[in-house]
Amino acid sequence: MSDGPGRVGGDVLMAVGAARALVGARTCFVGIGLPSTAANLARRVHNPGLVLIYESGAIGAKPSRLPLSIGDGELADTADALVPVTEMFTYWLQGGRIDVGFLGAAQLDRYANINTTEVDRGPGRPRGRLPGAGGAPEIAAHCGEVLIAVRHSPRTFVERLDYVTTLGHGTGPGDRARHGLRGRGPVSVITDLGVLRPDPATAELILTEVHPGVTVGQVREATGWPLRTADRVGVTPPPSELELRELNALKSV
Amino acid sequence: MSDGPGRVGGDVLMAVGAARALVGARTCFVGIGLPSTAANLARRVHNPGLVLIYESGAIGAKPSRLPLSIGDGELADTADALVPVTEMFTYWLQGGRIDVGFLGAAQLDRYANINTTEVDRGPGRPRGRLPGAGGAPEIAAHCGEVLIAVRHSPRTFVERLDYVTTLGHGTGPGDRARHGLRGRGPVSVITDLGVLRPDPATAELILTEVHPGVTVGQVREATGWPLRTADRVGVTPPPSELELRELNALKSV
Amino acid sequence: MAEIRGLREAVADLIRDGDTVAMEGFTHLIPFAAAHEVIRQGITDLTLVRMTPDVIYDQLIGAGLARKLVFSWGGNPGVGSLHRFRDAVENGWPRPLELDEHSHAGMANRYAAGASRLPFALLNGYRGSDLGRRTTTLSTIDCPFTGQELAAVAAVNPDVTVIHAQQADRDGNVQLWGLAGVQKEAVLAAERVLVTVEELVEVLEPRPGGVVLPGWVVDAVAWVPGGAHPSYAAGYSERDNDYYREWDRVSRDRDVFQQWLKECVTG
Amino acid sequence: MAEIRGLREAVADLIRDGDTVAMEGFTHLIPFAAAHEVIRQGITDLTLVRMTPDVIYDQLIGAGLARKLVFSWGGNPGVGSLHRFRDAVENGWPRPLELDEHSHAGMANRYAAGASRLPFALLNGYRGSDLGRRTTTLSTIDCPFTGQELAAVAAVNPDVTVIHAQQADRDGNVQLWGLAGVQKEAVLAAERVLVTVEELVEVLEPRPGGVVLPGWVVDAVAWVPGGAHPSYAAGYSERDNDYYREWDRVSRDRDVFQQWLKECVTG
């Protein structure tokens, strides 16, 4: 999707969709990039009380502009509390204090398992190195639920991960419980084409919504496995004036 | 020993002796009571750079008067750093950062093992309950060395402890190493009558010094096991004018 | 989200018969007023958790409300024995007191494990001590990398933690400063949390050494100036050392203690 | 006790070929100037430890000084890949790079275990992840109380930790504030410690959120204003986001990188 005049870009749709998914959350663990955009947008539009928690140690950060890194000074300056990184991961994340975690993915499979470590680039080429795990395995384990925001493409939505960095729903229903994972795991995957959610019966991601103007066929083409769809695929409401204005304000400050 | 005019009281001799033992220390873990008196006296007279560390979380406290409790406000107000109690015990004490630890004892045996938990009061009577372990087991384990300050009496210096709260030298030479204990353990026991130190060969406490005017016989009588003595038992130098003056100043502020 | 409530109502709502209760504060910021409210309401059969039971638990134990004590050092700091604690342990008066006894390092780690929602914590401790012989909450574990044997202590997760702090704002965000003890761990390990404070302020100004607890980890905040007396709140009060010394006399005798209870708490 | 020394001399004295070195700072207070001094002195065969290798380790790796990397997230924050890191991992240029890879939670716990002088730390993590398949520093352990299986991660104890802080006094006592990262743990886990600072002050005034490291846990303090650039020091400088963006171009090409090295570091 292009970002041409009059069209809404894919990243905007993802950010707006992700922000809407934060309506009922009290606390949100935020990574840099789209999650930070979405969480800040949610705080401005849908959920002013949303507590943003950055893994760098800022609890209750209220940045006025989007930080480039999770350690930007404004996060610290506006936080309710600053804690050391060890404490963030032990008492706050592992302690089950965070309602919603946000993850991205280089590869994602139908059970919302995530690869952010390395990808197979074909015979004769070394595996392509990605940043690695960061906070993801424990965010997926301990947050009440997880939102995944990622652009739709067959290279990303794959039949089989080249490396399992972070467990989503594992091999299907009950697998999280078998691993002793507390949180509900990924509850929606928000892309530039629509929204996928795990089927309650099978834990497999199915298409539940498309963005305005996107067809189910387009989403299927952009998915590397035979994508199932909900009985009724909805259409996400387009970004509102307010959402777009606040998103611009966040980015332009 | 009485505290009559012209005589120096037992607690004063213990405090002065313990303070002198801190001449070469950089950091000292301080409990309340005599250890605190001794450590503060050492800082005023022998070792102005001595870092006093209170288990309540004060690192580098410089109280001008003796605190009644280890949590007194002046400890916090004068400290270089305040840390949570968890951190005090993990990073600082267990982390091996402290040169000298101070312990008291309700009962002590010849290997400087300590009971501060309960004492047998004879048939038909319930065991007498004491405060318990506090920081002692780990102070004895992790400090570079341990000083014990305790009044001499056969009820305290016993043949056999009613309860082992804190390991000193265990069952003798090599026992600390067998338990994997890092520090040297108790290096001297300073009493109102003199000073006992572990024999390097047997780890058994032997009398190495008496205070001025005290006889070896008096110490033997006050010890509940057949006390051995060093080949030459020295006499501790009496408290100096300066030591007594500073001790009074600490107490009277 | 923390509600600002009256102490009586908050105690009644959050603390129940049979609960495991931690009232923390390492000499500093001990929540005496809340403990006295527990006595007035007669909330009983409590398992009391505290590194240093101190005078606050001596009072609860003497009042007959404690079934069990989880602790690491039970004395009157700088003064001597806790006589009500001793009487309960030695003579079962006014009722027997079960003990789960650890070292300070062990207790601090037990709270940290609780706050971390781990079932246990590791430490290098207890070696050669008899402490392990009487408790079921101490074990050992071998390092999978070096083979070194370490102590394992079971997590403490109180039903309720009560602390006293200097300040809270209207949203129930709390700040305490000075000696911070294990309050953060005790709060984060608990199911329910009550904080009494010296002062309600419009805005919490960050302080050196300040520990901030967001309102969303606290259930109720009660405004109780002086609520830490006879301990103290740095910046607000001094430790009442005379009270601690006088407690030795009051608590030594059962009748004197009961009279104190009537005159100073329940009366 | 910390000595106040020149950066060149302190680096030469404290960091040696083959050392395990941690240069910490979570986006904030990253000790770039010290890393550049390491490059100038050609100290090599290093095992580099850092949660987020960031541009600082991309530079050391590209300069060929790293034998091994211990880390948990190797990207250019907010920008993209670390190209020198990728080139070393994918193509072994300028030399092969061994990896010991963990999650953030695991790395933070590894430092905490190191600071606590425990051989390992426990966490509830890594479940279902392939991370455990390639490292010897991750294992599992069963809770002796509940039977629950937990992850065990080996302690990290660097030979040298290097950090940047805002202030030190003449005795080498250090204070840093703002996002504190894992600096305290990295310092206390290490054998030797070098701290570069923005400012030498007569007296350290306690600050909200201030982390104080006493001089007796530090070996050397070097006065290096701006020593965290292109990261930042709260109260002294802003993060140079353009540098991070520009690094993507500089580091993408081996020749451009080597030219940068000559012009900006070794030249």
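Each chain gets a letter, A, B and so on, in the order the sequences are listed, and its residues count up from 1. Only heavy atoms go into these numbers, but all of them, side chains included; no hydrogens, no water, no symmetry mates. Fair warning: this is a prediction, and the values are worked out from it, not measured in the lab.
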Item to check | Minimum side-chain heavy-atom gap D:Val153-D:Met107 below 4.5 Å | outcome: no
Checklist entry - Based on non-hydrogen pairs under 4.5 Å, which of D:Val89, D:Val211, D:Leu131 is most in contact with chain A? => result D:Leu131
Checklist entry - Is it the backbone or the side chain of A:Leu130 that comes under 4.5 Å from a heavy atom of chain D, or both, or neither? => result backbone
Checklist entry - What part of A:Pro131 is in contact with chain D, defined as an atom under 4.5 angstrom from a non-hydrogen atom: side chain, backbone, both or neither? => result both
Checklist outcome for this item: With chain A, the option among D:Gly75, D:Gly235, D:Ser231, D:Ser129 that has the most non-hydrogen atom pairs under 4.5 Å is D:Ser129
Next on the checklist: Checking side-chain polar atoms at under 3.5 Å, does D:Arg50 have a donor or acceptor matched by the opposite partner on D:Thr52?
Outcome noted: yes
Checklist entry - Which one of A:His179, A:His142, A:Arg129 has the most heavy-atom pairs closer than 4.5 Å to chain D? => result A:Arg129
Checklist entry - So which of A:Gly132, A:Ala140, A:Ala76, A:Gly134 has the biggest tally of heavy-atom pairs under 4.5 Å with chain D? => result A:Gly134
Item to check | D:Ala234, part contacting chain A, at a heavy-atom distance under 4.5 Å | outcome: neither
Next on the checklist: Is A:Thr116 close to chain D through its backbone or its side chain, or both, or neither, when contacts mean heavy atoms under 4.5 Å?
Outcome noted: neither
Checklist entry - Quick one: what part of A:Arg125 sits under 4.5 Å from any heavy atom of chain D, side chain, backbone, both or neither? => result neither
Next on the checklist: In the structure I gave you, are the side-chain heavy atoms of A:Met14 and A:Arg151 within less than 4.5 Å of one another anywhere?
Outcome noted: yes
Item to check | D:Asp100/D:Arg110 ion pair, N-O < 4.0 Å | outcome: yes
Item to check | Any donor-acceptor pair under 3.5 Å from D:Arg84 side chain to D:Ser251 backbone | outcome: yes
Item to check | Interchain contact, D:Arg133 with chain A, by part (heavy-atom threshold 4.5 Å) | outcome: neither
Item to check | Set of side chain to side chain contact (heavy atoms under 4.5 Å, CB included) partners for D:Ala190, sequence neighbours left out | outcome: D:Pro158, D:Thr161, D:Val193
Checklist entry - With only heavy atoms counted, which part of D:Met51 is less than 4.5 Å from chain A, the side chain, the backbone, both or neither? => result side chain
Item to check | Ring center gap for D:His102 and D:Phe71 short of 6.0 angstrom | outcome: no
Checklist entry - Are any non-hydrogen side-chain atoms of A:Leu52 and A:Lys62 less than 4.5 angstrom apart? => result no
Next on the checklist: Let me confirm one number: the CD1-CD1 distance from D:Ile56 to D:Ile61, rounded to the nearest 0.5 Å.
Outcome noted: 11.0 Å
Checklist outcome for this item: From the list A:Ala79, A:Ala81, A:Gly128, the residue making the most non-hydrogen contacts under 4.5 Å with chain D is A:Gly128
Checklist entry - For the residue pair D:His164 and D:Tyr236, is the inter-centroid distance of their aromatic rings smaller than 6.0 Å? => result no
Item to check | Residues of residues 153-177 of chain A contacting chain D, heavy-atom criterion under 4.5 Å, by residue number | outcome: A:Tyr163, A:Val164, A:Thr165, A:Leu167
Item to check | Steps toward side-chain contact (heavy atoms from CB on, under 4.5 Å) verdict (A:Arg97, A:Trp92) | outcome: CA-CA 5 Å; A:Arg97 296 283 170 185; A:Trp92 299 90; 4.0 Å; yes
Next on the checklist: Determine whether A:Met88 and A:Ile53 satisfy the following criterion, side-chain contact (heavy atoms from CB on, under 4.5 Å), listing intermediate values before the conclusion.
Outcome noted: CA-CA 9 Å; A:Met88 178 57 75; A:Ile53 300 177; 3.5 Å; yes
Checklist entry - For D:Leu82, is it the side chain, the backbone, both or neither that has a heavy atom under 4.5 Å from a heavy atom of chain A? => result neither
Checklist entry - Taking non-hydrogen atoms and a cut-off under 4.5 angstrom, which of residues 112-120 of chain D neighbour chain A? => result D:Ala112
Checklist entry - With chain A, which of D:Ser103, D:Pro53, D:Gly125 has the greatest number of heavy-atom pairs at distances under 4.5 Å? => result D:Ser103
All N/O donor-acceptor pairs, side-chain side in residues 179-188 of chain D, below 3.5 Å, sequence neighbours left out:
unit_1, atom_1, unit_2, atom_2, d
D:Lys184, NZ, B:Glu87, OE1, 3.1
D:Lys184, NZ, B:Glu87, OE2, 2.7
D:Glu185, OE2, A:Thr86, OG1, 3.3
D:Glu185, OE2, B:Tyr91, OH, 2.7

Item to check | Non-hydrogen side-chain atoms of D:Trp177 and D:Gln167 separated by less than 4.5 Å | outcome: yes
Checklist entry - Can D:Asn76 and D:Trp247 be counted as having a side-chain donor-acceptor contact under 3.5 angstrom? => result no
Next on the checklist: Need one label for D:Arg134: side chain, backbone, both or neither, based on atoms under 4.5 Å from any heavy atom in chain A.
Outcome noted: side chain
Checklist entry - Looking only at side chains, do D:Tyr126 and D:Thr140 share a donor and an acceptor under 3.5 Å apart? => result no
Checklist entry - Between D:Gln166 and D:Ala233, is there a donor-acceptor pair closer than 3.5 Å when you use the side chain of the first and the backbone of the second? => result no
